[in-house]
Q: 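Before I ask anything, let me first share the structure, which is written out below as structure tokens.
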Amino acid sequence: MIEYVTITGILVVLLVITMFAVNAVFMEGPANKLAYHSFVDIGNGLSTRVVDVYMIAPDNGTIATEFDIPDDVAGQDYAVDLDGSGGDQVVMISRGDIRSRIAIAGIGATMGVTGSTTGGGINRIVYNSSGV
């Protein structure tokens, strides 16, 4: 009888340890990988939109465009930041410790890009030739 109780106790302990490991390995890991690749896709799309606005921007005047990005990735919110400091124009998309940095190619030396947004709602890119 003691033998069966001991073996059952050991198996229960191993089952509990396995349950915690399964969550980290089979749930969180793939969800984080999915989020990273989704952030890269969103960043590439946003970078393309910024460059497109730059290409059709008037010499004098203002142009604005609206776009939609996913409201959430893997069931959680995320933040989008456009940073033009330091000479590199980048789109940074992040949530917690998952981050993606996408370069905005072709406009780094001539145009400063700044701003931030989230995935919820319609987003807007505005170009003003006066720099305001």
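Every value quoted in this text rests on a predicted model; they were computed, and no experiment measured them.
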Q: Which residue pairs satisfy the ring pair (Phe, Tyr, Trp, His ring centres under 6.0 Å) criterion with at least one member in residues 24-46, sequence neighbours excluded?
A: Phe39-Tyr78
Q: Just so I know, are the side chains of Asn123 and Val80 near enough to count as touching, which here means a heavy-atom distance under 4.5 Å?
A: no
Q: Applying side-chain contact (heavy atoms from CB on, under 4.5 Å) to Ile125 and Val50, what does each step give before you reach the verdict?
A: CA-CA 7 Å; Ile125 297 173; Val50 169; 3.9 Å; yes
Q: From Ile104 CD1 over to Asp83 CG, what is the distance, rounded to the nearest 0.5 angstrom?
A: 9.5 Å
Q: Are Val22 and Val25 joined in one hydrophobic group, where the rule is that I, L, V, M, F, W and Y side chains link up if heavy atoms are under 4.5 Å apart?
A: yes
Q: May I ask whether Leu14 and Val12 are part of the same hydrophobic cluster, defined by side-chain heavy atoms of I, L, V, M, F, W, Y residues being less than 4.5 angstrom apart, directly or through others?
A: no
Q: Name all residues meeting the side chain to side chain contact (heavy atoms under 4.5 Å, CB included) criterion together with Val5; count only those two or more places apart in sequence or in a different chain, and write none if there are none.
A: none
Q: Once rounded to the nearest 0.5 Å, what's the spacing between atom CE of Met55 and atom CG of Asp52?
A: 8.5 Å
Q: Considering only Ile, Leu, Val, Met, Phe, Trp and Tyr, and joining two whenever side-chain heavy atoms are under 4.5 Å apart, list the other residues clustered with Ile122.
A: none
Q: Please tabulate, one pair per line, all N/O donor-acceptor pairs under 3.5 Å involving side-chain atoms of residues 57-69, not counting sequence neighbours.
A:
none

Q: At what distance, to the nearest 0.5 angstrom, does OG1 of Thr8 lie from CD of Glu3?
A: 10.5 Å
Q: Among residues two or more places apart or on two chains, list those pairs meeting side-chain hydrogen bond (donor to acceptor under 3.5 Å, both in side chains) that have a residue in residues 91-104.
A: Gln76-Arg95
Q: Rounded to the nearest 0.5 Å, what separation is found between the CG atom of Leu34 and the CD1 atom of Ile98?
A: 9.0 Å
Q: Looking at Val73 and Ala35, what are the two nearest heavy atoms and their distance?
A: CG1-CA, 3.6 Å
Q: On a heavy-atom basis, which atom in Gly121 and which in Asp71 lie closest, and how many Å separate them?
A: N-OD1, 3.7 Å
Q: Would you sort out whether Val91 and Leu82 count as a side-chain contact (heavy atoms from CB on, under 4.5 Å), showing the intermediate values?
A: CA-CA 5 Å; Val91 177; Leu82 288 94; 4.2 Å; yes
Q: Could you work out, with side chain to side chain contact (heavy atoms under 4.5 Å, CB included) as the rule, every residue matching Asn44, not counting sequence neighbours?
A: Val40, Ile102
Q: Check Asp81 against Ser116 and note the closest heavy-atom contact, atom names and distance.
A: OD1-CB, 3.0 Å
Q: Looking only at non-hydrogen atoms, find the nearest pair between Ala103 and Ser47 and report the distance.
A: O-OG, 3.3 Å
Q: Looking only at non-hydrogen atoms, find the nearest pair between Ala74 and Ala31 and report the distance.
A: CB-O, 4.5 Å
